[in-house]
Amino acid sequence: MIRPKTKILVDGGDPQETRRAKELLGAIDGQTTNPSLIAKNPHIKELIASGHKLSNREEMEEYKKIVQTISPLVGDAGVSIEVFADEKTTTSEMLDQGREMFLWIPNAYIKYPCTAEGLRAAQMSVKQGMRVNMTLCFSQQQAAAVYAATKGTKEPAYVSPFVGRLDDIGQSGMDVVKNIKRMFSKGDGHVLVLAASIRSLEHLLHCFVLEAELVTVPAKILELWANKNFPMPDSQFRYKTTGTPIPYKELDLEQAWEAFDIQHELTRKGIERFAADYRATLSRPM
Ligand code: E4P
């Protein structure tokens, strides 16, 4: 297999999938997890099916075991661990979780949502030397805010534009990746683009064309890629989308993060969905 420049992460919550992907590709650069993926972990599903719902502490312990199993399987792109957040979660509640999770494994990236609370938590986290991955990003403005909030980070921060969920609402999700890459080409390189919500081989190949620094991919798509003998996009490759194009905006990366319009309906819905999937595993939902 010819390795692309783009680092490849497994998008999942089951170490068995990571092992399988590693066998197929020879090496895996990293992993991303989220509350929905953790709720789908086979052991957690078994517990719930047997009638054992978890306390909040047990849920954290299960999450920790999962990422501790995955951590040594992957390379330097690390393992992204997502804090629990709903619309009421404060910056300091996110930060407390982030600090604890960051100690679980040596290669942790803490995932905070692209909301005002999440950006504040990220700003404080990077000052304390933590690595962050800003999730539920659906716009160039949100990525610009991530850039501004994480200035001074010791190690590059990640921003995760969600391609598939934008496609789902009839927009061209890959345009957000393209626009953020273009905007960051004028920056200092402290934020890397981690393309997420990847649903097809075409998404994956287009991420290579756009030179996203990282892409997180469900194991089943990596299997599909392997089964086709790892095709790479050549000069004939054309990414086809029926989604409405998302235009590029000139934004000034030197502004404070508060200056950017970070509202996005899909960020709000994404938080709701993650919170609901997390709560479904709990005996006493928070
Ligand atoms: C990874 O960081 C994201 O949480 C994930 O890619 C979301 O994918 P989905 O939109 O298919 O749920």
Side-chain angles (χ1 to χ4, degrees), residues 1-12 18 21-22 25-34 74-82 107-112 114 119 122 125-126 130-166 173-218 221-222 225 230 232-233 237 239 246 248 251 253:
M1 139 193 203
I2 304 166
R3 287 206 88 82
K5 276 199 208 153
T6 301
K7 290 187 179 178
I8 297 178
L9 291 76
V10 175
D11 198 14
T18 313
K22 190 177 176 181
L25 274 72
I28 286 293
D29 296 302
Q31 173 99 18
T32 54
T33 64
N34 68 36
V74 303
D76 64 1
V79 181
S80 291
I81 312 171
E82 186 156 341
N107 51 352
Y109 278 75
I110 302 304
K111 283 175 98 176
Y112 296 114
C114 281
L119 285 157
S125 295
V126 300
M130 288 159 59
R131 289 173 293 269
V132 299
N133 172 0
M134 300 306 291
T135 192
L136 291 166
C137 171
F138 295 96
S139 73
Q140 204 192 318
Q141 287 91 329
Q142 288 176 324
V146 169
Y147 182 96
T150 58
K151 265 189 201 152
T153 183
K154 267 201 275 175
E155 290 183 62
Y158 298 162
V159 64
S160 293
F162 275 36
V163 174
R165 293 194 197 185
L166 281 162
M174 289 299 315
D175 283 353
V176 175
V177 175
K178 184 168 78 186
N179 294 343
I180 299 172
K181 281 286 298 174
R182 179 172 161 195
M183 173 173 72
F184 284 175
S185 69
K186 294 174 196 141
D188 61 12
H190 80 271
V191 185
L192 306 180
V193 176
L194 196 177
S197 188
I198 296 298
R199 306 270 171 79
S200 65
L201 203 50
E202 289 66 35
H203 278 162
L204 176 64
L205 299 187
H206 198 43
C207 285
F208 298 160
V209 173
L210 296 177
E211 298 186 352
E213 284 85 5
L214 312 108
V215 60
T216 187
V217 192
I221 293 172
L222 291 175
W225 190 40
F230 304 107
M232 290 295 284
F237 177 81
Y239 175 71
I246 302 175
Y248 180 77
L251 298 175
L253 287 174

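For reference, positions follow the sequence shown, starting with 1. Since this is a predicted model, take the numbers as computed values, not measurements. Just so you know, these numbers use all the heavy atoms, side chains as well, and skip hydrogens, waters and symmetry mates.
Within the model, atoms CD1 of Ile221 and CG of Leu201 stand 8.0 Å from one another, a figure rounded to the nearest 0.5 Å. Interatomic distance, Asp175 CG to Leu166 CG, rounded to the nearest 0.5 Å: 9.5 Å. In this structure, CG on Leu205 lies 12.0 Å from CZ on Phe230, to the nearest 0.5 angstrom. Put simply, CD on Gln141 and CG on Asn179 are 9.5 Å apart, with the number rounded to the nearest 0.5 Å. Rounded to the nearest 0.5 Å, atoms CD1 (Ile180) and CG (Leu192) are 12.0 Å apart. Going from atom OH of Tyr112 over to atom CE of Met130 covers 3.5 Å, rounded to the nearest 0.5 Å.
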Checking Lys22 against Val10 for the side-chain contact (heavy atoms from CB on, under 4.5 Å) test, could you report, in this order, the C-alpha distance in whole Å, the side-chain angles of both residues, the deciding distance, and whether it holds? CA-CA 9 Å; Lys22 190 177 176 181; Val10 175; over 6 Å; no

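Between Val217 and Cys207, the closest side-chain pair of non-hydrogen atoms is not below 4.5 Å. Considering only heavy atoms from C-beta on, Leu214 stays 4.5 Å or farther from Asp29 through its side chain. Contact annotation: the side chain of Met232 never approaches that of Met1 to less than 4.5 Å [non-hydrogen atoms, C-beta and beyond]. Looking at heavy atoms from C-beta onward, Leu119 lies in side-chain contact with Met134 at the 4.5 angstrom threshold. Residues Phe162 and Val176 are not in side-chain contact: their nearest non-hydrogen atoms beyond the backbone lie 4.5 Å or more apart. The side-chain heavy atoms of Lys7 and Asp76, taken from C-beta on, include a pair separated by under 4.5 Å. Considering only heavy atoms from C-beta on, Ile246 stays 4.5 Å or farther from Gln140 through its side chain. Contact check for Pro156 versus Arg131: no side-chain heavy atoms found under the 4.5 Å cut-off.
Residues Ala144 and Met183 approach most closely at N-CE, 3.6 Å, considering heavy atoms. Nearest approach of Val177 to Pro161, heavy atoms of both residues: CG2-CG, 3.9 Å. In this structure, Glu202 and Tyr239 approach most closely via the heavy-atom pair O-CD1, 3.8 Å.
Using modelled atom types, one side-chain atom of Ser200 and one backbone atom of His203 make a donor-acceptor pair closer than 3.5 Å. No donor-acceptor pair closer than 3.5 Å links the side chain of Thr150 to the backbone N or O of Ala157. Lys111 places a side-chain N or O within 3.5 Å of a backbone atom of Thr33 that can act as its donor or acceptor partner. Remark: the backbone N or O of Ala196 is not paired with any side-chain donor or acceptor of Thr216 at under 3.5 angstrom.
Between the side chains of Ser80 and Tyr158, no donor-acceptor pair of N or O atoms lies under 3.5 Å.
Using a 4.0 Å cut-off between charged nitrogen and carboxylate oxygen, Asp188 and Lys151 do not count as a salt-bridge pair.
Under the side chain to side chain donor-acceptor pair (under 3.5 Å) test applied with Ser160, the options Thr32, Asn133, Asn34, Asp11 reduce to a single match, Asn133.
Remark: Arg3 pairs with no residue by the salt bridge (charged side-chain N to carboxylate O under 4.0 Å, His left out) rule, at least two apart or across chains. Here Lys186 pairs with Tyr248, Glu250 under the side-chain contact (heavy atoms from CB on, under 4.5 Å) rule; sequence neighbours left out. In this structure, the side-chain contact (heavy atoms from CB on, under 4.5 Å) partners of Val74, at least two apart in sequence or on a different chain, are Thr18, Ile28, Gln31, Ile70, Val79, Asn107.
His190 and Tyr147 have tilted rings, their planes meeting at an angle from 30° to 60° on a 0 to 90° scale.
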